[in-house]
Amino acid sequence: MASNRLISNLSLTGFMGVGKSTLGRFLANSLRYEFVDTDELIERKAGKTITEIFASEGEEHFRKLEHELVNEMANWNRMVISTGGGLVTKNNNLDILKTYSFVACLWASPETIYHRVKRQQHRPLLQTENPVERICQLLEQRARFYKQSDYIVNTDNRPLRVVAQLISKQFHEAVNKGNQQRP
Ligand code: S3P
């Protein structure tokens with residue numbers, strides 16, 4: 001683990017539909033941290049939905065907004081941060097997140113992901129004719145980034161409570177290993 005880290009937050013990363021927001025809210029509650037979701041923060045700031053941002057300004061612009069937010073969050077404390085599925089794959093965002101948070105990645109199989117997202121329409125990248133193929137392609141491209149997280153946990157067939165306990169344990173260990181939390 002990098003020595004210049006100050007772990008004062010917990011970030012959750014992983015593909016769309018793996019359950020980052022649900023788990024993030026649960027973890028925030030048990031840690032008594034505040035919960036934030038990068039997609040929600042970007043939508044609030046832009047006054048538009050993610051779908052509208054992609055449609056009007058394009059994906060590159062959305063990635064720029066994500067990167068700005070990752071830099072802005074550097075002074076935040078006691079937050080559980082749920083990150084959009086592509087955030088850690090761009091612009092050195094993962095390294096920046098690691099300077100101020102412990103990064104846990106939620107993993108799931110393409111089948112589980114498809115099952116969870118198939119009735120949802122708010123993710124522009126999955127509005128294609130063959131979403132399963134798209135999920136597999138993107139997962140393959142992104143796996144190398146997700147794998148650089150501090151901890152990776154498979155969520156397939158695991159109850160939320162168990163996944164939360166596994167992440168909490170790793171988070172506390174990382175904090176106690178000399179990575180101080182800011183007051
Ligand atoms: C994206 C994931 C979405 C959102 C945007 C792009 C991605 O967030 O940021 O649609 O590139 O994987 P969730 O992972 O919360 O669905």
Side-chain angles (χ1 to χ4, degrees), residues 9-28 33-73 79-97 101 103-156 158 160 163-164 167:
N9 304 281
L10 169 59
S11 295
L12 298 178
T13 183
F15 204 78
M16 298 172 258
V18 291
K20 290 163 291 185
S21 298
T22 310
L23 188 85
R25 286 198 171 84
F26 185 89
L27 277 166
Y33 277 22
E34 212 173 299
F35 172 77
V36 288
D37 177 306
T38 59
D39 287 340
E40 282 176 17
L41 292 172
I42 288 170
E43 287 185 332
R44 221 178 295 154
K45 218 167 153 185
K48 291 178 191 173
T49 64
I50 303 292
T51 304
E52 287 166 347
I53 299 172
F54 269 69
S56 57
E57 284 114 322
E59 181 177 350
E60 273 319 298
H61 181 71
F62 173 71
R63 299 302 173 196
K64 196 172 145 256
L65 299 178
E66 281 190 320
H67 185 58
E68 280 170 15
L69 181 60
V70 166
N71 284 318
E72 273 172 37
M73 293 189 298
M79 298 277 177
V80 174
I81 303 164
S82 171
T83 63
L87 184 143
V88 296
T89 69
K90 307 275 176 186
N91 301 318
N92 217 24
N93 289 338
L94 178 57
D95 286 340
I96 302 171
L97 272 183
S101 66
V103 181
C105 175
L106 309 188
W107 188 262
S109 66
E111 294 74 28
T112 303
I113 291 170
Y114 178 62
H115 181 72
R116 291 185 188 156
V117 302
K118 66 182 173 196
R119 284 194 196 83
Q120 302 173 340
Q121 252 109 56
H122 65 279
R123 296 185 177 95
L125 294 179
L126 298 183
Q127 301 311 302
T128 67
E129 269 183 25
N130 192 339
V132 177
E133 194 180 79
R134 186 85 178 115
I135 290 168
C136 292
Q137 277 171 353
L138 283 172
L139 257 184
E140 202 180 312
Q141 287 166 16
R142 293 175 173 186
R144 69 187 177 94
F145 295 98
Y146 294 144
K147 285 180 181 162
Q148 291 170 47
S149 299
D150 295 307
Y151 179 57
I152 183 158
V153 56
N154 194 337
T155 63
D156 284 336
R158 270 190 172 134
L160 175 129
V163 176
I167 292 177

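Counting begins at 1 with the first residue of the sequence. Read the numbers this way: they start at 1 and go in the same order the structure lists the ligands and their atoms.
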- Task: Hey, can you tell me if Phe62 and Phe54 have their rings parallel, tilted or perpendicular (30° and 60° cut-offs)?
- Result: tilted
- Those residues at least two apart in sequence (or on a different chain) that pass side chain to side chain contact (heavy atoms under 4.5 Å, CB included) with Lys118 are Tyr114, His115
- Task: Determine the sole option in Asp95, Leu87, Thr83, Leu94 for which the side chain to side chain contact (heavy atoms under 4.5 Å, CB included) test with Val70 is passed.
- Result: Leu87
List, for ligand 1, each N/O atom that has a protein N/O partner under 3.5 Å away, with both atom names and the distance.
| residue | atom | partner | partner atom | Å |
| --- | --- | --- | --- | --- |
| ligand 1 | 8 (O) | Asp39 | OD2 | 2.7 |
| ligand 1 | 9 (O) | Asp39 | OD1 | 2.7 |
| ligand 1 | 9 (O) | Asp39 | OD2 | 3.2 |
| ligand 1 | 11 (O) | Arg63 | NH2 | 2.7 |
| ligand 1 | 11 (O) | Gly86 | N | 3.4 |
| ligand 1 | 11 (O) | Arg142 | NH2 | 2.7 |
| ligand 1 | 12 (O) | Gly86 | N | 3.2 |
| ligand 1 | 12 (O) | Arg142 | NH1 | 2.7 |
| ligand 1 | 12 (O) | Arg142 | NH2 | 3.4 |
| ligand 1 | 14 (O) | Lys20 | NZ | 2.6 |
| ligand 1 | 14 (O) | Gly85 | N | 2.8 |
| ligand 1 | 15 (O) | Asp39 | OD2 | 3.2 |
| ligand 1 | 16 (O) | Arg123 | NE | 2.5 |
| ligand 1 | 16 (O) | Arg123 | NH2 | 3.4 |

- Looking only at heavy atoms, which two atoms of Arg116 and Val18 are closest? And how far apart? NH1-O, 2.9 Å
- Task: To the nearest 0.5 Å, tell me how far Glu59 CD sits from Ile50 CD1.
- Result: 11.0 Å
- Task: Kindly check if the number of other-residue, nucleotide or ligand heavy atoms within 6.0 Å of CD (Glu52) is above 12?
- Result: yes
